[in-house]
Structure formats: structure tokens, C-alpha cells
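Presented below is the structure to which this report refers.
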Protein chains: 2
Amino acid sequence: MARYQAGIKTRERILDAVRTLLGEVGLDSVTVKGICDQAEIKSGSFYNLFDSKEQAVLTVVREAITGIDPDPLHEGKDTIGELVSAYIAFVEDTPEIAKTYVQIVAASSVNDETIRHRVLAHHRARVDRFAEALARAQNSVSGTEIHARAEMLVAALNGLAFMWLLEDDFDFGGHATRLLGDIVPA
Amino acid sequence: MARYQAGIKTRERILDAVRTLLGEVGLDSVTVKGICDQAEIKSGSFYNLFDSKEQAVLTVVREAITGIDPDPLHEGKDTIGELVSAYIAFVEDTPEIAKTYVQIVAASSVNDETIRHRVLAHHRARVDRFAEALARAQNSVSGTEIHARAEMLVAALNGLAFMWLLEDDFDFGGHATRLLGDIVPA
DNA sequence: TCTGATTTTGAGTATACATGCAAAATTGGC
DNA sequence: GCCAATTTTGCATGTATACTCAAAATCAGA
């Protein structure tokens, strides 16, 4: 345990503030002043704990990219239903982070090669996991066919997340579950 | 015909510059200086033709929102294949505007109520058109079922557009066509 | 070529932002 | 309660940005 606790707590307050603001005002509208107001600190404290605004935002952004695929070590064990449930849980339980994820893909990916590659790598790994789970569920279909279906399923889930961004009361979980039923008949 | 042409041409150069920059650097990174450099004019000229940066950007944004559904008066006549083809053409023929559309949905929708409602209204109208076309193709299925399928189809198309943002060589047209084949067997 | 209308220029202003820093306040072991 | 380490404060600084404006340049009809 560190000798002084205050700084650690302030760091958490800052990250909480960034999470909130990313969901509220969007990736490019987050300011240091906004973060400090939300965290109820002064800017000097912010720079005592982070080298730059970028660093604090990137910390949360990494969280968002990783959050969509929380446990990549389970490979070969998940069912397709569990994978879809994990996506639904991600969107419904941590909506600010999910919103951030969508914004990262749409906005940052355009002008930030580093983030784009990171997102792309995670996306491909996710499609592979979906494909493997699909293969286990329907082992009669060919590999390329399975992979195309997985890509489509993930695309549709992302599209539904997209819609959920637009409509506050959009039933993301319901639509995602329905979609799963269409792809993998019970 | 107006007496002086120079101003009109400059206006077009500015809008072209905004279109280019929206695709290249993203919605929130477009600056007046950037627009002026790209259009090879000075900032004074910009403000001679537009009241604000916002106005110029919004002009192109409206174009993007409308562009995804170019001919809403054809209702009752389009086939589902034509609607999907129109989406593919939108993405492949005007990629900068398509990119802008995705960014608007993801970023602006978070903090701009006006744009969000505009996008949402267009989206709903589009889903309705897809549903009507689907109903004509498969009139055995119930109305709510058809509507759910239309929503899913549009979501999947948006999701694919999403992916195409990440990967330069993503075969959007191929995947979209495949998706259509899955939903409406030939 | 002259003239008034239109367009362009480019320096200038105000503001918001990220970041720096020295001093004050707080913390916690002794 | 003392003191050194840590943390917070809040003002200062430099920079980028949106936007203004008066003067210069250009245009097109007579």
C-alpha cells in the first residue's frame, strides 16, 4: 500500500470524469477544464497525475477497446450465445464506454493510425472467436462460409450498437438476441 | 445568371475542400485554416461566402445525411435489391461523404440534438422503405416480423460500412450483396 | 477606358485551450 | 506537534482557432 492515498483517489476521480465526459460530450469535445470541473479539482492536480490530456483519454480509450472483448483467453470454450451476451452486457452495463468505443471507431480511426490498427486487431480477433463458436454450433457448414457469417453477425451487432447511439430507448439487448436466433436457430 | 461568377466558384471550392477534409481528418478536426489552404483562398474570402465554419460544415453534413437515401419520393416502387444497391453506390462512389455520415452518427449525435433528430428521422424513413420493399418480396410474413428484418438489414449494412471505415480494402459491396442474398433468397 | 459593384486579401482581435510552475496546504510517520 | 514528502492550488504562458474589417484588386457593363 502506498504511503499517500490522496493522489491515487484523485487519479480515479479524473478517470471517472473522463469516462463520463466521453459519453456526454464526445471524444473531441473533452477538455482539461471539463475534466477538472467534473472531478472537482484544479488543472495543476491533473498535470500532477497525467502527463497530458491525451494520456488520460487514451487510458479510458484502451479500456473501451478491451472492454468489448473482456476475456480473450477463453478461446475454444465460449458458445455463440455467450459471446453475444457479452456484447449486450458491454453495451448495457457500461454505456459510456460503449459509446466511446463507437466514437473511436468512427472518428479516431479516420486520422489516428495507431488507434485504427488497435481497433482493427481486436475486431479481427473477435470475428475469429465468433467464427469458432459458430463452427462448433453448426459444424456442417464450410469454414469460409462460417467466417463470412461471423463477420456479418459482428457487423450487425455493431450496426445495432450504432442505432442504440441514436435512440435512447432502443432495445439493444432484444434486437441482438433476436438476431442471434435468426443466425443460430435454437 | 448572376452578374459575377467568381464568388460562386469560390463557394464550390470551399464546399469541395470541406468534403475532402471531412473524409481525411474527421468532423472535429476541420479548421477554417485547413479549409482555406485546401481551397487556396484566404480566410476573408471564406467569411465573405459563409457566416461561420459551422454553416459550411453543416451544408456538407446535410448532403451526407440526404445522400444515403437519395430519392425518397420513389416510395412503393423500389425493390429491396435496388435499395441495397443504392447504399453500396453511396459508399463506393462518394466515400468522403459516406465517411462523414458515419462520423456524424457516432460523434455529433452524442452532443448535437438537432443533428441527432435529423439522422434519426432519415434512418426511420429508410427502415420503413426497406420494410415495404421486403413486404413486396415476401408477402407471406407478418408486418412486425418484416419490420424487424428491415431494421436488422439496415443495421447490418451500417455495421458493414463501419468495418469499411477501418479497413481500406474491405469489400463493402461484396459483403452487402451477400447479406442481401441471405435475407432475400433469389 | 471609366466606374461602380463584387471579390479577395492579410493583418488584426478575442477567446479557448493545453500546459507550466512556484507557493500554499495537506498528509502521515515519528 | 514536527517535518519531510506529497498533493493541491491558481495564476501565467504560449498557441491555435474562429472571426472581423478596411483597403486593394478584379470584374463587367457603358
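A straight line from CG of B:L49 to P of D:dC19 spans 15 Å, rounded to a whole angstrom. A straight line from CD1 of B:I8 to P of C:dT6 spans 12 Å, rounded to a whole angstrom. When the C1' atom of D:dA18 is taken as reference, atom CG of B:D28 falls 15 Å away, rounded to whole Å. As a whole-Å value, the separation of B:N48 CG from D:dC19 P is 15 Å. Rounding to whole angstrom units, CD of residue A:E40 and P of D:dT9 are separated by 10 Å.
Here the side chain of B:K42 is nearest to one of C:dT8, C:dT9, D:dT9, namely C:dT9.
A salt bridge between A:R19 and A:E12 is present, with a side-chain N of the basic residue lying under 4.0 Å from a carboxylate O of the acidic one.
For B:F46, the ring pair (Phe, Tyr, Trp, His ring centres under 6.0 Å) partners are B:F50, not counting sequence neighbours. Among residues two or more places apart in sequence or in another chain, the ring pair (Phe, Tyr, Trp, His ring centres under 6.0 Å) test is passed with B:F172 by B:Y87. Here B:H175 pairs with nothing under the side-chain hydrogen bond (donor to acceptor under 3.5 Å, both in side chains) rule; sequence neighbours left out. For A:T10, the side-chain contact (heavy atoms from CB on, under 4.5 Å) test picks out A:I14, A:I41, A:L49, with sequence neighbours left out. Qualifying ring pair (Phe, Tyr, Trp, His ring centres under 6.0 Å) partners for B:Y101, counting only residues two or more places apart in sequence or in other chains: none. With sequence neighbours excluded, the residues that form a side-chain contact (heavy atoms from CB on, under 4.5 Å) with A:A133 are A:I80, A:L83, A:R136. The side-chain contact (heavy atoms from CB on, under 4.5 Å) search around B:S142 returns B:T144, B:E145, not counting sequence neighbours. Residues meeting the ring pair (Phe, Tyr, Trp, His ring centres under 6.0 Å) test with A:F130, sequence neighbours left out: none.
Residues of residues 16-25 of chain A that place a heavy atom closer than 4.0 Å to DNA chain C do not occur.
Each end of the helix from C:dT1-D:dA30 to C:dC30-D:dG1 gets its own axis from five base pairs, and the two axes differ in direction by 10°, given to 10 degrees.
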Summarise how protein sits on nucleotides 14-24 of chain C as a single string, 5' to 3': B when a protein heavy atom is under 4.0 Å from the base, S for sugar-phosphate-only contact, - for no contact. ---SSBBB---

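Between atom CZ of residue B:R13 and atom CD1 of residue B:I8 there is a gap of 14.5 Å, rounded to the nearest 0.5 Å.
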Which pairs of donor and acceptor atoms, one on a side chain in residues 21-36 of chain B, lie under 3.5 Å apart (sequence neighbours left out)?
residue, atom, partner, partner atom, Å
B:T31, OG1, B:G34, N, 2.9
B:K33, NZ, B:D37, OD2, 2.9

